[in-house]
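Below: the structure, in structure tokens.
Start at 1 and go down the list; that is how both ligands and their atoms are numbered. Throughout, numbering of the chain's residues begins at 1 and tracks the sequence.
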Amino acid sequence: MTLLDRFQRRITYLRLSVTDRCDLRCTYCMPERQTFLPRAEVLSLEELHRLALGFIARGVTRIRLTGGEPLVRRDMIELVRALGRKLGDGLDELTLTTNGTQLARFADDLAAAGVRRINVSLDTLDRGRFAELARRDELPRVLEGIAAAQAAGLQVKINTVALKGVNDGEIPVLMEWAHGRGMDLTLIEVMPLGEVEADRFDQYLPLSEVRANLEQRYRLTPSGHRTGGPARYLDVAETGGRLGLITPLTGNFCDGCNRVRVTTTGTLHPCLGGTEAVDLRTALRSDDPDTALERALDRAMAIKPERHHFAIGARGQAPALARHMSATGG
Ligand code: SAM
Ligand code: SF4
């Protein structure tokens, strides 16, 4: 039976977090001294595989592996290979979201396992700014990783979080750089998820503003292009490329939600912005994991909320959720 929620939305897309660990510390994502989960809490490779198969059996056709940084998990490629075998046999697409630092090492393996498209997060092309923003001086390694991914035949999309006073002036540069290399660029509004040192109000840059600024210099026209996620695309006449906008704050897109997220401990969150949760790890570790998983997925469909309600209204506001994006899986 397919996964259908109370609002008749069919869930066909799973974002599966394979680790909460990361080799960067992006200031908008996590604090410098982030506490990571003890390894015993984290699902094993076999459990992640079984879980993914359970979702595929219920009509999920696309899986995105994420984290934390998915490529820092040691057995990650084995999982990609195992899931790659389901491509064309229930699974239409296997992708991942990565910060790119490990791509030079893994790009060929990802392509060989059947991955065709990946998202690489990159918020600046300025080395100093990158080192400040990610708290690690890794821009050269990321750029090398992106080049390796393209050389391996992977289609790369760049994701950039728009940050007030940090990279707002650089957005045209990032766009021209990405488009000049055959990559789409998607901008994301910062979301109030988890405590970080900075105030979200100071980081938040509405994409409506960014779009208006870009329209002074570029002709942007709505594109019919969709990738199954929440981004809405614009064609950019001057570059011949596409600009995606993900606007959780200025343009709610929950009506068309087709996805759920599972953390690395096997907790299913039916909404990125909600506190609803279903424990799949207990189901996976029970005597009859397949039946228990089926029941747990039904429970998740019964509690998936209609929409998220987070907002960034004022300085000093507490985060909408205590959970960091790196824990839920971005
Ligand atoms: N480490 C990988 C990466 O950076 O691509 C995958 C996980 S990361 C949590 C996934 C995406 O979430 C990244 O594009 C990142 O920029 C974004 N992200 C993290 N925290 C965010 C926040 N508070 N608001 C908006 N986007 C956020
Ligand atoms: Fe790590 Fe990605 Fe979060 Fe940056 S956004 S700290 S790369 S998980």
Problem - Region of Arg200 engaging ligand 1 - heavy atom pairs below 4.0 Å - result: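 The answer is the side chain of Arg200.
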Handout entry: Structural part of Val120 in contact with ligand 1, heavy atom criterion under 4.0 angstrom
Key =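 Val120 to ligand 1: no contact under 4.0 Å from either part.
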Exercise for the section: Please report the C-alpha distance between Arg242 and Asp184 in whole Å, then the side-chain angles of each, then the deciding distance to 0.1 Å, and finally whether the salt bridge (charged side-chain N to carboxylate O under 4.0 Å, His left out) criterion is met. Expected result: CA-CA 5 Å; Arg242 265 190 307 251; Asp184 287 350; 3.2 Å; yes
Handout entry: Passing candidate, side-chain contact (heavy atoms from CB on, under 4.5 Å) with Tyr233, options Leu245, Thr186, Leu243
Key =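 Answer after filtering Leu245, Thr186, Leu243: Thr186.
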Exercise for the section: Can you spot which of Asp288, Asp287, Leu293 makes a side-chain contact (heavy atoms from CB on, under 4.5 Å) with Thr291? Expected result: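 The residue from Asp288, Asp287, Leu293 that satisfies side-chain contact (heavy atoms from CB on, under 4.5 Å) with Thr291 turns out to be Asp288.
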Element-labelled atoms of ligand 1 that are located less than 4.0 Å from some non-hydrogen atom of [X]:
X	answer
Cys29	19 (C), 20 (N)
Val190	24 (N), 25 (C)
Thr98	2 (C), 3 (C), 5 (O)
Met191	22 (C), 23 (N), 24 (N), 25 (C)

Problem - Cys26 contact mode with ligand 2 (heavy-atom cut-off under 4.0 Å) - result: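 Under 4.0 Å from ligand 2, Cys26 contributes backbone and side-chain atoms.
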Handout entry: Glu189 to ligand 1, any heavy atom closer than 4.0 Å
Key =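 Under 4.0 Å: yes for Glu189.
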Exercise for the section: Please verify whether a non-hydrogen atom of Ser17 lies at under 4.0 Å from ligand 1. Expected result: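 Contact absent.
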Problem - Protein heavy-atom partner closest to atom 2 (Fe) of ligand 2 - residue, atom, separation in Å - result: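 Sorting protein heavy atoms by distance from atom 2 (Fe) of ligand 2 puts Cys22 SG, 4.5 Å first.
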Exercise for the section: Identify the protein heavy atom lying closest to atom 3 (Fe) of ligand 2, giving its residue, its atom name and the separation to 0.1 Å. Expected result: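 Scanning the protein heavy atoms, the shortest distance from atom 3 (Fe) of ligand 2 goes to Cys29 SG, 2.4 Å.
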Exercise for the section: Show which atoms of ligand 2 fall inside a sub-4.0 Å distance from at least one heavy-atom site of Met30. Expected result: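 Listed by number with element: 6 (S).
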Problem - Close-contact set for ligand 2 against Asn99 heavy atoms, below 4.0 Å - result: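 By the 4.0 Å cutoff, the relevant atoms are 7 (S).
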Exercise for the section: Could you tell me which residues satisfy side-chain hydrogen bond (donor to acceptor under 3.5 Å, both in side chains) with Thr282, sequence neighbours excluded, listed by chain and number? Expected result: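 For Thr282, the residues satisfying side-chain hydrogen bond (donor to acceptor under 3.5 Å, both in side chains) (neighbours in sequence not counted) are Asp279.
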Could you say whether the N/O atoms of [X] and ligand 1 ever approach to under 3.5 Å?
X	answer
Thr66	no
Asn159	no
Ser121	yes
Thr97	no
Gly68	yes

Where the side chain of [X] meets the backbone of [Y], is there a donor-acceptor pair that is under 3.5 Å apart?
X	Y	answer
Glu138	Leu24	no
Arg25	Cys22	yes
Arg64	Leu96	yes

Exercise for the section: Starting at CG of Leu187, measure out to CG of Asp168 and round the result to the nearest 0.5 Å. Expected result: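 With rounding to 0.5 Å, CG (Leu187) is 11.0 Å from CG (Asp168).
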